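What you see is a predicted model; the values in this text were computed from it and never measured.
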Amino acid sequence: MNDDQTPSAPTGGGCPVAHGEGAVRLYGPDAATDPHEIYARLRGEHGAVAPVLLEDDVPAWLVLGYRENRRVLDNPLQFSRDSRIWRDFQDGRVAETAPLMQMVGWRPDCVSQDGEPHRRLRGAVTDNLYAVAGRGIRRHITHFANKQIDAFAEAGRADLVADFAEYLPMLVLTRVFGLAEREGRTLAESSNQVIKGGADALTHNERIMGILGELAERKRREPGSDFASGLIEHNSGLDEDEIVNHLRLVLITAHTTTSNLLARVLQLVLTDSARLSGLVSGQLNMSAVVEEVMWNSPPLAVLPGRFATADLELGGCPVKEGDLLVLGLTAGNHDPEIRPDTGVSVEGNASHLAFSAGPHECPGQNIGQAIIETAVDVLLHRLPGLRLAVPASELTSTASTWESRLDSLPVEFAR
């Protein structure tokens, strides 16, 4: 995949009049290899907003422009997160059990609501994320990073996706949540399947909900200094469904985005000898490397979903009340209107869309960055002579509607 491809300016006839007219699939084999090419083609044909089809050919608008993404993210009165107003769902064209509903369906959590309900629920999440972040989280990260490395250190080679990035964030989250470490791999695999979609998404979501339901029951009897106990005890008075659904929300989003971002950061470091030597010597700050990846390869390429509360125009497109919009975070970060040359350094510029924006901006970004910075630091100090075991051109990625994940990152190092 070419992560530095700059989309062309619009050359086509603009947005269609009908929702879904001329739509392109954001899922399936054609979308799995180079989503950047799809974003560029859609921008060229339609401009800042384009018609697309999600899983099961459900129509949606993909927001490609940076400014248009910010307008949607910053204006919940026009673009609600509450999918109960989604016209295709109200009309029965999308079933409650459709795989897509795992990503866009309404739940009793803070990302499904706006206004005062959102503020009440988000307050419980942010208060407890701040609390657990201050309880030695870097110590947990260091422990699990070393444990992962111990499993392959004597071999002199590893795949830093499968052997390191794929499970490390979830192992840290098991400690943060008060879960058993042995449940980490199951939860990581199920979380990835929920994001990926497909026929198994519902089964994997039910598996996650079962584990988290049991956790909530146990923490009511045996509270501790963990995220689950904090939600239960918070003065917002969350009910049982709200507690379990917020555990699900944080678990899935924190793991999948952080594991993807960690793999991309390692890819960037290991394909650029100057960055690698700068990090090892301490002359380069890890936060600058993370920031660059946030701009060029956000861990969520497309963010679900917003629903128009009235007929309006966005980027020249006639969006109708109840239409679904999905937010192209990668496409927005590559918008030539704000980045005419993607080769220019973005160091010190934190205005990327990788963490979303507005009232629903990711509240756990500091924990994710702590995992990445600590994990990379441990890795570089544990594995002298760390280098790619294949040419950089052989590294491949596989995309779904919502993300593009690095398939593998083979490395060699001194034993």
Nearest 0.5 Å, what's the [atom1]-[atom2] distance between [X] and [Y]?
X: Glu217; Y: Leu212; atom1: CD; atom2: CG; value: 11.5 Å
X: Trp295; Y: Asn333; atom1: CH2; atom2: CG; value: 5.5 Å
X: Tyr66; Y: Leu329; atom1: OH; atom2: CG; value: 11.0 Å
X: Leu395; Y: Leu270; atom1: CG; atom2: CG; value: 9.0 Å
X: Arg405; Y: Ser400; atom1: CZ; atom2: OG; value: 8.5 Å
X: Phe164; Y: Phe152; atom1: CZ; atom2: CZ; value: 6.5 Å

Practice task
Output, in order, the C-alpha distance, side-chain angles, deciding distance and verdict of salt bridge (Lys or Arg N to Asp or Glu O under 4.0 Å) for Arg218 and Glu214.
Solution key: CA-CA 6 Å; Arg218 177 164 56 84; Glu214 292 174 2; over 6 Å; no
Electrostatic pair [X]:[Y] at N-O distance under 4.0 angstrom:
X: Asp335; Y: Arg67; answer: no
X: Arg119; Y: Glu116; answer: yes
X: Arg207; Y: Glu189; answer: no

Exercise for the section: Please assess Ser80 against Asp114 for the test side-chain hydrogen bond (donor to acceptor under 3.5 Å, both in side chains), listing each intermediate value before the final yes or no. Expected result: CA-CA 7 Å; Ser80 174; Asp114 301 301; 2.8 Å; yes
Exercise for the section: Would you please test Arg339 and Asn296 for side-chain hydrogen bond (donor to acceptor under 3.5 Å, both in side chains) and show each step? Expected result: CA-CA 11 Å; Arg339 287 183 75 194; Asn296 292 328; 3.1 Å; yes
Exercise for the section: Output, in order, the C-alpha distance, side-chain angles, deciding distance and verdict of side-chain hydrogen bond (donor to acceptor under 3.5 Å, both in side chains) for Ser351 and Arg70. Expected result: CA-CA 10 Å; Ser351 59; Arg70 287 304 305 257; over 6 Å; no
Problem - Test side-chain hydrogen bond (donor to acceptor under 3.5 Å, both in side chains) applied to Asp109 and Ser112, step by step - result: CA-CA 6 Å; Asp109 62 28; Ser112 294; 3.0 Å; yes
Exercise for the section: Give me the one residue out of Arg120, Arg107, Arg122, Arg248 that meets salt bridge (charged side-chain N to carboxylate O under 4.0 Å, His left out) with Glu242. Expected result: Arg120
Practice task
Identify the residue among Val52, Leu54, Asp57 that makes a side chain to side chain contact (heavy atoms under 4.5 Å, CB included) with Arg25.
Solution key: Asp57
